[in-house]
Number of protein chains: 2
Amino acid sequence: MTPDLTRNQSLVMKTLSGAEAPLSAYTILDRLRDDGLRAPLQVYRALDKLLDMGLVHRLESLNAFVACAHPHTHEQELIAFAICENCGKVEEFSDEVVKERLDGWAKSHRFRAAKTTIEIRGDCGGCEAKG
Amino acid sequence: MTPDLTRNQSLVMKTLSGAEAPLSAYTILDRLRDDGLRAPLQVYRALDKLLDMGLVHRLESLNAFVACAHPHTHEQELIAFAICENCGKVEEFSDEVVKERLDGWAKSHRFRAAKTTIEIRGDCGGCEAKG
DNA sequence: AAGGATATGTAATGTCATAACATATTGGCC
DNA sequence: GGCCAATATGTTATGACATTACATATCCTT
């Protein structure tokens, strides 16, 4: 069912999975130089497929990518991200009520939603405790 | 109360207000060449101020900017955008329940939200009717 | 008039993403 | 096995978005 990953896809996935925070495509590339990757497109192509498979998310407000925290569990869900501007960590969550409300708006306005982005920028509790 | 706009800010604001759809900073620049603007920074600096004043919004998923549809009316609101990928037009709306739910999540996770982005990409009714 | 804050002008550079083209690998299907 | 289509890969160049750094000008307050 889940297709196997190709070499480049595996490398990119592994890099993202091991990262503490979102990475830009160029940062991923830098970390994979030793594995033979040389051009941005090698990373972007792998990311495209991983996004399609739902294994990776793109954070629009950051122009960066994260490994999905709950692969396969949200086929139908609307995912929101809380991004700490201090430590860079990202929390992934979903809220059925939010989804219902946005779906309701779309329906009443005859808007056919293809993809919805919800990103909250701020400071996570951990950072505040330290600061 | 509302500070007057400087020359560059006015030019940028006027360009965005007259546009049917979001514009990138470089598109704005191109449209203002005849008014003497020459460098991206002149546009970005004006945009920064206009964003601060709440007269303009940035669409993260588009790397583009729109004039605010309801200036001064949403000091406290959470604004969502529905972006038509067909005609490019953007609808701006807010939903108190969505705001409450996201605020609730943030509170329960000790996350201090600074800015929240909600962007729905899809097709607006008008486009579907034509297609 | 002096001085600080804000706005402006300009060049250079940094960051993110894709187009275009060539080559290689994979996987059915006869 | 051999063929062909689909998919993946490699590489160069270019396009699109945004900021750093520095110089100059304007505005406001005293």
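Nothing here was measured: the structure is a model prediction, and the numbers come from that model. Letters go in sequence order (proteins before strands), and every chain restarts at 1.
- In this structure, B:Asp48 atom CG and D:dT19 atom P are separated by 7 Å, rounded to whole Å.
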Check: Which parts of nucleotides 8-17 of chain D does protein reach within less than 4.0 Å, heavy atoms only, written one letter per nucleotide 5' to 3' as B for base, S for sugar-phosphate only and - for none?
Finding: SBBBB----B
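- Here the shortest heavy-atom pairing between B:Phe111 and A:Cys124 reads CD1-CA, 3.6 Å.
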Output a table of donor-acceptor pairs, distance under 3.5 Å, between side-chain atoms of residues 16-24 of chain A and any protein atom two or more places apart or on a different chain; print 'none' if there are none.
unit_1  : atom_1 : unit_2  : atom_2 : d
A:Ser17 : OG     : A:Met13 : O      : 2.9
A:Ser24 : OG     : A:Tyr26 : N      : 3.4
A:Ser24 : OG     : A:Thr27 : N      : 3.1
A:Ser24 : OG     : A:Thr27 : OG1    : 2.9

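- Here D:dT26 presents its P atom at 18 Å from CG of B:Asp4, a figure rounded to the nearest Å.
- In this entry the distance linking CG of B:Asp35 with P of C:dT8 reads 14 Å, nearest Å.
- What separates CD of B:Glu60 from C1' of D:dA18 is a distance of 13 Å, to the nearest Å.
- Regarding A:Leu29, its CG atom lies at a distance of 13 Å from the C1' atom of C:dA17, rounded to whole Å.
- Residue pairs meeting the ring-ring contact (aromatic ring centres under 6.0 Å, His included) criterion with at least one partner in residues 78-102 of chain B, sequence neighbours excluded, are A:Trp105-B:Phe93, B:His57-B:Phe81.
- Between B:Leu11 atom CG and C:dA7 atom P there is a gap of 15 Å when expressed in whole angstrom units.
- Atom-to-atom, CD1 of A:Ile28 to P of C:dT15 comes out at 16 Å; the value is rounded to the nearest Å.
- The main-chain N or O of A:Asn63 is never found under 3.5 Å from a side-chain atom of A:Arg58 such that the two would form a donor-acceptor pair.
- The CD1 atom of A:Ile118 sits 11.5 Å away from the CZ atom of B:Arg101 when rounded to the nearest 0.5 Å.
- A donor-acceptor contact closer than 3.5 angstrom links the side chains of B:Ser61 and B:Glu119.
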